[in-house]
Amino acid sequence: MINDLDQDLIRYVIKRERKKKKLVLEDLKDKNISTATISYIEKGEKVSEEKFNYLLSKLGLDQSKLKKYVAEEEENIQELKFQLEFIEAMLDNGDIDAVMNQLDKIRVEDFHPLAPNTYFLKGRCYYTEKEWKKAEQNFSHAIHICHQHSLNPKDNIIALCYKQLSSCSYNQNDLEKALYYLDQGLEEFSENKGKSDVKYTLLSNKIYYLLLSSQTEQAKQLLNEVWPLIQQIELTRVVLDLYKLRSILLRKSKLYLEAIECCKEGIRKGRRSLFARACLVNIL
């Protein structure tokens with residue numbers, strides 16, 4: 001086994017070669033290798049090196065050729081990542097038509113490592129247009145292909161999709177489902193996969209939806225757990241949301257002076273953030 005290569009790319013290349021040859025698992029099985037073993041290899045599960053190399057030979061590959069293909073695909077993926085980041089920046093600027101046009105030009109298989117990201121961005125487009133059902137279809141499909149093809153995205157894209165699904169449900173007045181999706185997102189979130197603020201957005205939204213669902217005590221308990229971590233949160237919007245939620249809960253507890261002070265501190269933080277942005281713009 002080639003241990004110094006990205007295992008996700010190894011799996012992708014092997015499955016891609018099988019699909020290119022229009023073979024199903026049954027076509028490759030024989031007395032030396034079972035469909036289960038082939039499936040294990042394509043899912044990235046450990047098998048003996050003998051079985052691994054045997055499958056390579058049946059696909060017309062060897063270790064050298066596999067390494068070459070993985071290196072080529074790694075370069076292609078870096079280019080696609082850059083393209084998707086650019087598309088997301090366009091989306092943040094509201095260029096929906098241009099974004100959809102760019103996404104439609106991207107042709108990747110559902111088992112491609114970045115396929116979930118393309119569906120996520122399509123979902124965001126539909127979400128921005130308030131087409132909740134189409135948005136849900138794309139977010140759900142991104143999650144589905146991750147599980148179906150044992151994809152292991154390194155950017156918490158699954159948690160992000162659940163966050164967006166929750167927002168879709170909220171916008172359709174289904175708080176129960178919105179809370180369910182938030183819990184799924186928190187379960188899927190991994191500290192080792194980047195975009196740490198996804199976690200705090202999920203938590204902030206959960207506190208808010210609990211409040212809307214009249215689950216005040218649960219909201220208060222969750223906020224008390226999150227509050228000591230507020231200095232770790234980089235997204236100003238999430239920080240300000242937490243200050244707002246804290247002031248609401250303090251007011252509900254009739255702690256009016258504390259609620260006012262919390263509001264004032266939130267305002268100060270918001271102003272400092274705006275000042276910092278203005279300074280950055282002047283510097284640039």
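Computation of the quantities below employed the complete heavy-atom set of this structure, encompassing side-chain atoms and omitting hydrogens, waters and symmetry-equivalent molecules. The shown structure was predicted, so the numbers you read here are calculated from the model rather than taken from an experiment. Positions are given from 1, in the same order as the sequence printed here.
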Distance-only donor-acceptor check, side chains [X] and [Y], under 3.5 Å:
X      : Y      : result
Tyr162 : Glu187 : no
Lys122 : His141 : no
Asp110 : Tyr119 : yes

TODO: Before giving the answer on side chain to side chain donor-acceptor pair (under 3.5 Å), spell out for Asp174 and Tyr181 the whole-Å C-alpha distance, their side-chain angles and the decisive distance to 0.1 Å.
DONE: CA-CA 11 Å; Asp174 192 340; Tyr181 284 135; over 6 Å; no
- [ ] Would you indicate whether the side-chain heavy atoms of Leu242 and Leu203 approach each other to under 4.5 Å?
- [x]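 The answer is no; the side chains never approach within 4.5 Å.
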Task: Min side-chain heavy-atom separation His149-Arg11 under 4.5 Å - done: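 SC-SC contact between His149 and Arg11 ruled out.
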Open item on the list: Quick check on Glu176: does its CD atom have over 12 non-hydrogen neighbours (other residues, nucleotides or ligands) under 6.0 Å away?
Closed with: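 Incorrect, the count does not exceed 12.
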TODO: Hey, can you tell me if Tyr170 and Tyr209 have their rings parallel, tilted or perpendicular (30° and 60° cut-offs)?
DONE: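 Rings of Tyr170 and Tyr209: parallel, as their planes differ by under 30°.
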Task: CD1-CZ distance between Ile10 and Phe52, expressed to the nearest 0.5 angstrom - done: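 Reported value, rounded in 0.5 Å steps: 5.0 Å.
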Open item on the list: Working to the nearest 0.5 angstrom, can you tell me the gap between Asp8 CG and Asn152 CG?
Closed with: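 The distance works out to 5.5 Å.
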- [ ] Would you please indicate if the ring centroids of Phe120 and Phe139 are separated by under 6.0 Å?
- [x]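 Yes: the rings meet the under 6.0 Å criterion.
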Task: Test salt bridge (Lys or Arg N to Asp or Glu O under 4.0 Å) applied to Arg124 and Glu129, Glu131, Glu88, Glu136, the passing residue - done: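 Going through Glu129, Glu131, Glu88, Glu136 one by one, the salt bridge (Lys or Arg N to Asp or Glu O under 4.0 Å) with Arg124 is satisfied by Glu88 alone.
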